[in-house]
Amino acid sequence: MKLKLIAALAILSLTPALALASPSCTGEPKSKWMPEAAMKAKIEAMGYKIKTLEITGNCYEIYGRDKNGERAEVYFNPVSGDIVQKGD
């Protein structure tokens, strides 16, 4: 019985970590990705103010502000520049 309880607690403790994983944005190789400068220009044209832009998994991810001045954490498809997921 203790073993089942320990196993259940272990699974529950890992669940939040899985929820924080970055989304899957593309399966394309990096050679097909939009250059960082072009991605920044596209994101800024959408109204975002970029504080940081980084590669997270197979996504471009920004931390900054949206057009309303609200904090934004957004994942972008690095090939098309489309928004994949918004957070924060």
Side-chain angles (χ1 to χ4, degrees):
M1 187 64 163
K2 282 186 179 182
L3 185 57
K4 286 183 182 181
L5 179 62
I6 291 171
L9 290 174
I11 291 169
L12 288 174
S13 68
L14 292 176
T15 302
L18 295 175
L20 296 175
S22 64
S24 179
C25 296
T26 188
E28 295 288 341
K30 286 192 177 183
S31 62
K32 294 193 176 190
W33 287 23
M34 194 179 299
E36 192 172 308
M39 179 60 77
K40 281 183 178 180
K42 182 168 183 152
I43 293 168
E44 288 172 349
M46 295 174 160
Y48 290 96
K49 302 279 189 223
I50 302 170
K51 182 176 179 182
T52 60
L53 177 120
E54 55 192 49
I55 295 172
T56 303
N58 57 4
C59 304
Y60 276 122
E61 178 185 15
I62 66 146
Y63 294 94
R65 302 275 175 183
D66 65 14
K67 59 185 171 189
N68 299 319
E70 301 291 324
R71 287 187 346 181
E73 176 186 1
V74 187
Y75 294 89
F76 295 87
N77 178 306
V79 177
S80 66
D82 294 335
I83 294 172
V84 175
Q85 179 179 316
K86 293 182 182 182
D88 210 37

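What's counted below: heavy atoms across the whole structure, side chains too, no hydrogens, waters or symmetry copies. In what follows, residues are counted from 1 in the order of the sequence shown.
To the nearest 0.5 Å, atoms CD1 (Ile50) and CD1 (Ile43) are separated by 4.5 Å. Atom CD1 of Ile55 and atom CD of Glu61 lie 11.0 Å apart (nearest 0.5 Å). To the nearest 0.5 Å, atoms NZ (Lys49) and CD (Glu44) are separated by 7.5 Å.
Closest approach of Asn68 to Asp66, counting heavy atoms only: N-OD1, 2.9 Å. Summarising the geometry of Phe76 relative to Met46, their closest heavy-atom pair is CE2-SD, 3.7 Å, with the distance given to 0.1 Å. Residues Cys59 and Pro78 share a closest heavy-atom pair of CA-CD, 4.2 Å.
Using a 4.5 Å cut-off on side-chain heavy atoms (C-beta onward), Arg71 and Arg65 make contact. Residues Tyr60 and Lys42 have side chains not in contact (no heavy-atom distance under 4.5 Å, counting atoms from C-beta outward). Counting only heavy atoms from C-beta outward, the side chains of Tyr75 and Ile83 never approach each other to under 4.5 Å.
Qualifying side chain to side chain donor-acceptor pair (under 3.5 Å) partners for Asp82, counting only residues two or more places apart in sequence or in other chains: Ser80.
Val74 and Met34 fall within the same hydrophobic cluster, where Ile, Leu, Val, Met, Phe, Trp and Tyr residues are linked whenever their side-chain heavy atoms come under 4.5 Å apart, directly or through other members. No chain of hydrophobic side-chain contacts below 4.5 Å, direct or via other Ile, Leu, Val, Met, Phe, Trp or Tyr residues, connects Tyr63 to Tyr48.
In summary, of the residues considered (Asn77, Val84, Thr56, Asn58), a side chain to side chain contact (heavy atoms under 4.5 Å, CB included) with Pro23 occurs for Val84 alone.
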